[in-house]
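Contents: one structure, followed by commentary.
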Amino acid sequence: MATFSQSTIDKGSDMVQNFLCSTCEDKKLDNTADFYCESCVAFYCRNCIGMHNQLFTKHAPFGRGDMKKWPVAKKVEDFLLKCDVHKEENLKLFCDNHSELCCTNCAFLNHRQCQKVTLISEKVKSQSTDLQQLSVSIQSILEQMKKLQDKQKASMRSLQSSFDEQLHTIQETRRQINAALDTIEQKTLTEMKDTLTKLQVSAKIDVDKCIRLRDELNQLHDAIQDISDKSKLELSFIATIKCKDKIEQSKTFLKNSFQVEISIKFQPNSDIVQYLSKLSGVGSIEHSAHTLMGRDNPNNEITVQGKFVQNVKISGDSKECCITAIIVLPDRRVLVSDNNNKKIKLLDQEYQVVSHWNVKAYPIDLCQITPSEVAVTLKCEVQFITVNNMQLVTGRNLQLQHRCTGIAFHQDDLYITADTALYKYTLSGKLLSKMYEDKSARCTVYRCAVSIKGDKLYITNSSQDKLLTLARDGSVLATFTDHALQDPGGVHVTPAGQVLVCGYKSNTILQVDSQGNRKLSTLVTGEDGVVNPYSVFYNRHTASIIVGLLNSSILVFNVQ
């Protein structure tokens, strides 16, 4: 009887079978078979099939279009038949007590006391298999595995990104103290790098397990595809048991795997200069885990899950608070601008007001410059303030020749809106350009936000109910309008690049795609308590959206 020859290329988990021509193989040639003759029990390439047909006119070989009539590939047959524990033994028995496939060694060593160990050849006579359903199940698990693997890789990239971000905080703290910090700075950096390494190892374990389980599932998937039409009852039964076992392992792994975003946090020590000689590092290294929110895709839709209301009015406020801007600082404290009461208020992590600064004019917008420095727009100037412990300390200011409403910052450039125009400045106050202008109405350029990469700017036109998307050179890339967006005000870009915009008169917060062309969802409305929203900000530390209102309150919505 002829033997079945097969050249198999294993690439990851993919089994690419390629039967060889029996005649050519005898001549030491590796030519792919295109036909199988059941009568000869042999394979033939396109060249050799001609001679075969001349010699055996009554034989009817099957081409690749009838591969279901070809024999099961030896590679697949060996893969299914071999015992996972005793690699040289074939599976011949099945233990009903443990629902396990056994070779004779397994049966002797582990199942001698079991009451029901039967031959697989007998078992298949009474038990049917559904390879098609198993194939569907494997495909579903593979997709979930791929998603988990991608998210864990994204988490690793996020971890590196947060590490790089916090280096800036370390360096900012380092510049405030003298050369005696060289030694303890190195200790702190070493600690953070060790933390990074440990966290990366943890994330990589899940990725590696994903790869292994996906490889095994792919192999099983390929195997059952190969035997599904071949009426091989024993192989089908074995494949069924193996598939169910691997699917169960995969489901358990998916259930126990937490899809989180890991980040590293550096918390500076504010007393470091005074107590330098007593310290062992410039601060503490922390890490936190948060649910991933579409970090690699700015168009992943945000889902709102719950909310709570926090009143931010304090004694001394003569009017209802109007929260026109919100910023969450790296240390998790929150800054809000209270326009009506001419105050900038500092909130703790529980959103309780712990400090405030009385402003000489009505503050409209805020943007973060460094981890501790913030810029505030005040009529025709930009005031810089520093958060020092629980105090807000005023710094330099920029006197401008136009009104200042909105402000955004990206890579040393300040973008400032002025009712009908958008200007670009340096941090020192040098005017670089008037990027965009529209004098068709009173407030066509109200507030602004910059994309994560800095290649797009989002501008709210409150007079004409529009959200504009501008290119880096100020040209208009997109204009968005929607009945759910009336009198748009605050606009914000999350760390994932998702675009959020407030509809003041429509009582809505919308998520718009990153190109500024279409609405992805209406996140919250008046039915959720959103009445006249002025500002919105995503708190990455708590995976929540903070909305500033006109009624002395902020709303905090938990999201995913």
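All values reported here derive from a predicted model rather than from experimental measurement.
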**Asked** Between Asp438 and Asn461, what is the shortest heavy-atom contact and its length?
**Response** OD2-ND2, 4.0 Å
Does the distance from a Lys or Arg side-chain N to an Asp or Glu carboxylate O, for [X] and [Y], drop under 4.0 Å?
X      : Y      : result
Asp317 : Lys313 : no
Asp150 : Lys146 : yes
Lys307 : Asp528 : no
Lys187 : Glu191 : no
Asp206 : Lys153 : no

Which residue pairs pass the salt bridge (Lys or Arg N to Asp or Glu O under 4.0 Å) test when at least one of the two sits in [range], sequence neighbours left out?
range            : answer
residues 349-374 : Lys360-Glu381, Asp365-Arg447
residues 423-434 : Asp413-Lys424, Lys434-Glu437
residues 463-491 : Asp482-Lys519

**Prompt:** In terms of side-chain heavy atoms, does Gln225 have a donor or acceptor partner in Asp222 at a distance below 3.5 Å?
**Reply:**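 No.
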**Polar side chain donor-acceptor pair, Ser337 to Thr324, under 3.5 angstrom** =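 A donor-acceptor contact under 3.5 Å links the two side chains.
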**Prompt:** So among Ile509, Leu485, Leu510, Val304, which one has a side chain to side chain contact (heavy atoms under 4.5 Å, CB included) with Thr522?
**Reply:** Leu510
**Request:** Let me know which of Val531, Asn532, Asn339 forms a side chain to side chain contact (heavy atoms under 4.5 Å, CB included) with Leu550.
**Result:**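 The side chain to side chain contact (heavy atoms under 4.5 Å, CB included) with Leu550 is passed solely by Asn532 among Val531, Asn532, Asn339.
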**Point-to-point distance, once rounded to the nearest 0.5 Å, from OG of Ser535 to CD1 of Ile323** =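 It comes to 7.0 Å.
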**Message:** Distance check, rounded to the nearest 0.5 Å: Gln200 atom CD versus Thr195 atom OG1?
**Reply:** 11.0 Å
**Message:** Under the ring-ring contact (aromatic ring centres under 6.0 Å, His included) definition, can you give me all pairs with a residue in residues 483-525, not counting sequence neighbours?
**Reply:** His492-Phe537, Tyr504-Tyr534
**Item:** Which residues share a side-chain hydrogen bond (donor to acceptor under 3.5 Å, both in side chains) with Asp331, sequence neighbours left out
**Value:**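 By the side-chain hydrogen bond (donor to acceptor under 3.5 Å, both in side chains) rule, Asp331 matches Arg333.
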Side-chain donor/acceptor pairs under 3.5 Å, residues 401-410, sequence neighbours excluded:
from	atom 1	to	atom 2	distance (Å)
His402	NE2	Tyr425	OH	2.7
Arg403	NE	Asp419	OD2	2.6
Thr405	OG1	Thr417	O	3.0
Thr405	OG1	Thr417	OG1	2.7
Thr405	OG1	Tyr446	O	2.9
His410	NE2	Ile452	O	3.3

**Request:** Kindly indicate whether the side chain of Val359, heavy atoms from C-beta on, has any atom under 4.5 Å from the side chain of Ile344.
**Result:** yes
**Asked** Hey, does Ile545 have a side-chain heavy atom less than 4.5 Å from the side chain of Asn539?
**Response** no
**Message:** side chain to side chain donor-acceptor pair (under 3.5 Å) for Ser506 and Thr508? Distances and angles first, verdict last.
**Reply:** CA-CA 6 Å; Ser506 52; Thr508 53; 2.9 Å; yes
